Amino acid sequence: MKLAILISGRGSNMDSILAAVKRGQLPLAQPVLVLSNVPDALGLTIAREKFSMHTEVLDKNELKGWEYDKNLMTVLRKYEICPTNSLVCLAGFMRLLSPQFVHIFKNRILNIHPSLLPSFPGLHAQRQAVEYGVKISGCTVHFVEEGLDTGPIIIQKSTPVFSYDTEETLSNRILQDEHLIYPEAVKMVTEDRVKISGRTVQISY
Ligand code: GRF
């Protein structure tokens, strides 16, 4: 199964997926493209220099919703990435995909979020967790639906929150776990071990 990884920044989750592929841990995943909506995203350099990946920039950020996503579809098509043969992995991609795009790639888009959803969706999830005073937070890999950070959950991993934690210290601790569960989720989906039934995801081992 082909992988397109969409990023906007440093790309550490992208790195974790590409490194797992390189180690031979995701034998059915074939990464073909890293795309960013930010031209100078650090992840683009990592993708090219460390993993020899094709990269593309689509920085028409003034375009809203489907107007942007139509261009995205054109780029994906260039790499023969389509819903029947591919997975789109959002890895810190700071744009909300349009309902049209989500519909076309139904159950083919994954996202990682730095909280135990449905707690703390949206921006600054780790700051929200610290400010709320929860004792446990974590990260979630889920399928993407129209809503923000909704969509059936594939894997979650919990992380303790300590009284001395700041947004930064908690983010760093959660990120270590993100790098474990995202490749694992990609592995499960590419190996066709994931069945979605309503909101529930069943995994066969
Ligand atoms: C991660 O915390 C991820 O959970 C969130 O955005 C951040 C991206 O970080 N969606 P990176 O670019 O993968 O390092």
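Remember, predicted model here, so these are calculated numbers, not experimental data. Atoms within each ligand, like the ligands themselves, are counted from 1 in listed order.
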- request: Before giving the answer on side-chain contact (heavy atoms from CB on, under 4.5 Å), spell out for L90 and I7 the whole-Å C-alpha distance, their side-chain angles and the decisive distance to 0.1 Å.
  value: CA-CA 6 Å; L90 308 183; I7 64 168; over 6 Å; no

task: Would you check if the side chain of H142 reaches a backbone N or O of T150 as a donor-acceptor pair within less than 3.5 Å?
output: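 Flag set: sc H142 to bb T150 pair under 3.5 Å.
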
- prompt: Short question: side chain of K187, backbone of Q25 - any donor-acceptor pair under 3.5 Å?
  reply: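 Yes.
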
message: For the 3.5 Å polar cut-off, considering only N or O atoms, please tell me whether G11 and ligand 1 meet it.
response: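 Between G11 and ligand 1, an N or O pair is found under 3.5 Å apart.
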
Min N/O separation N13 to ligand 1 under 3.5 Å: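 Yes - when backbone and side-chain N and O of N13 are compared with those of ligand 1, one distance drops under 3.5 Å.
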
query: Judged by non-hydrogen atoms, does G43 sit under 4.0 Å from ligand 1?
result: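 The answer is no: ligand 1 sits nowhere under 4.0 Å from a heavy atom of G43.
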
- prompt: I112 near ligand 1, heavy-atom distance under 4.0 Å?
  reply: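 The answer is yes, since I112 has a heavy atom less than 4.0 Å from ligand 1.
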
- request: Identify, for atom 9 (O) of ligand 1, the protein heavy atom at the shortest distance, and state residue, atom and that distance.
  value: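 In this structure, atom 9 (O) of ligand 1 has R10 NH2, 3.3 Å as its nearest protein heavy atom.
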
field: Minimum-distance protein heavy atom relative to atom 4 (O) of ligand 1
entry: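 It is E178 OE1, 2.6 Å.
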
Closest candidate by heavy atom, reference atom 6 (O) of ligand 1, pool S36, P114, G92, S8: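 Among S36, P114, G92, S8, the closest heavy atom to atom 6 (O) of ligand 1 comes from G92.
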
query: Nearest heavy atom to atom 11 (P) of ligand 1: which of S12, A41, S115 does it belong to?
result: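 Looking at heavy atoms only, the winner is S12.
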
Using a strict threshold of under 4.0 Å (side-chain N to carboxylate O), is an ion pair present between [Y] and [X]?
X   : Y   : answer
K70 : E67 : yes
E56 : K78 : yes
D69 : R95 : no

